[in-house]
Amino acid sequence: MNLEQRVYKKLLDVPKGQITTYGELAKAVGLKNGQRVIGKIMNNNPYPAIVPCHRVVMSTGKIGGYAYGEHIKTKMLSDEGIEIKNGKISSFDKKLFRF
DNA sequence: CGTAGGGCCCTAC
DNA sequence: CGTAGGGCCCTAC
């Protein structure tokens with residue numbers, strides 16, 4: 001399994017209503033300082049309906065980017081029960097999934 | 001083969 | 001708050 005497949009598979013562990021960060025996901029697949037690699041892989045996500053890349057956000061609590069637009073990412077997260085105020089996730093620590 | 005460049009970032013100031 | 005620099009992996013020369 002190549003890196004991308006491992007990343008997509010690992011991300012499936014993150015349930016609806018929770019989020020992870022680019023850095024955490026990088027660590028989860030054994031990458032050090034691989035945040036940007038994760039971002040790139042998310043951008044190339046060929047299975048947007050299956051792999052929940054909208055649940056990957058920035059460690060600062062901001063939403064981060066999204067191939068189809070940040071407002072869509074924001075809406076998807078809201079629909080899953082994640083509250084977002086002024087572009088930042090409320091109760092970030094409580095929503096953060098631990099691999 | 002080697003390497004430059006870039007990406008949905010992170011940390012420290 | 002903003003910004004600079006870093007660091008990793010892939011892709012295209």
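Residue numbering restarts at 1 for every chain, and letters A, B, ... go by the order of the sequence lines. The figures here come from the full heavy-atom set of this structure, side chains too, leaving out hydrogens, waters and symmetry mates. What you see is a predicted model; the values in this text were computed from it and never measured.
What separates NZ of A:K40 from P of B:dC8 is a distance of 8 Å, to the nearest Å. Protein atom NZ of A:K88 is 11 Å distant from nucleotide atom P of C:dG2, rounded to whole Å. One can place CG of A:L31 at 16 Å from P of B:dC8, the figure rounded to the nearest angstrom. Between the CZ atom of A:R36 and the P atom of B:dC10 there is a distance of 10 Å, rounded to whole Å. The separation between A:L25 atom CG and B:dC10 atom C1' is 14 Å, rounded to whole Å. The OH-C1' distance, from A:Y22 to B:dG6, rounds to 16 Å in whole Å. If you take CG of A:N33 and P of C:dG7, they are 7 Å apart, rounded to a whole angstrom. One can place CD of A:Q5 at 12 Å from P of C:dC10, the figure rounded to the nearest angstrom.
No engagement by A:G64 is indicated, since no non-hydrogen atom pair under 4.0 Å with the nucleic acid exists. Within the 4.0 angstrom heavy-atom criterion, only backbone atoms of the sugar-phosphate kind lie near A:K32; the bases stay farther away. Counting any heavy atom pair closer than 4.0 Å across all strands shown, A:L3 reaches sugar-phosphate atoms only and no base atom. If you check every strand for non-hydrogen atoms under 4.0 Å, A:M58 touches sugar and phosphate atoms only.
Across all strands shown, C:dG5 pairs with B:dC10; the Watson-Crick or G-U wobble distances both stay below 3.5 Å.
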Checklist entry - Going through the distances and angles, do A:I41 and A:Y8 end up as a side chain to side chain contact (heavy atoms under 4.5 Å, CB included)? => result CA-CA 9 Å; A:I41 291 175; A:Y8 295 139; 3.5 Å; yes
Checklist entry - Step by step, would you call A:Y47 with A:C53 a side chain to side chain contact (heavy atoms under 4.5 Å, CB included)? => result CA-CA 9 Å; A:Y47 323 104; A:C53 66; over 6 Å; no
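Contact between the side-chain N/O atoms of A:S59 and the OP1/OP2 oxygens of B:dT11 is found at a separation under 4.0 Å.
Using a 4.5 Å heavy-atom cutoff, the side chains of A:Y66 and A:N43 are not in contact.
Each of A:Q35 and A:K62 was matched to the nucleotide of DNA chain C holding its nearest heavy atom; the match closer to the 5' end belongs to A:K62. Each of A:T60 and A:Y68 has a nearest nucleotide on DNA chain B; the 5'-most of these lies closest to A:Y68.
Salt bridge A:E24/A:R98: absent, no basic N to carboxylate O contact under 4.0 Å.
Counting heavy atoms of neighbouring residues, nucleotides and ligands inside a 6.0 Å radius, atom CG of A:N2 exceeds 12 of them.
Residue A:E4 places its side chain closer to C:dT11 than to any other of C:dG7, B:dC8, C:dT11.
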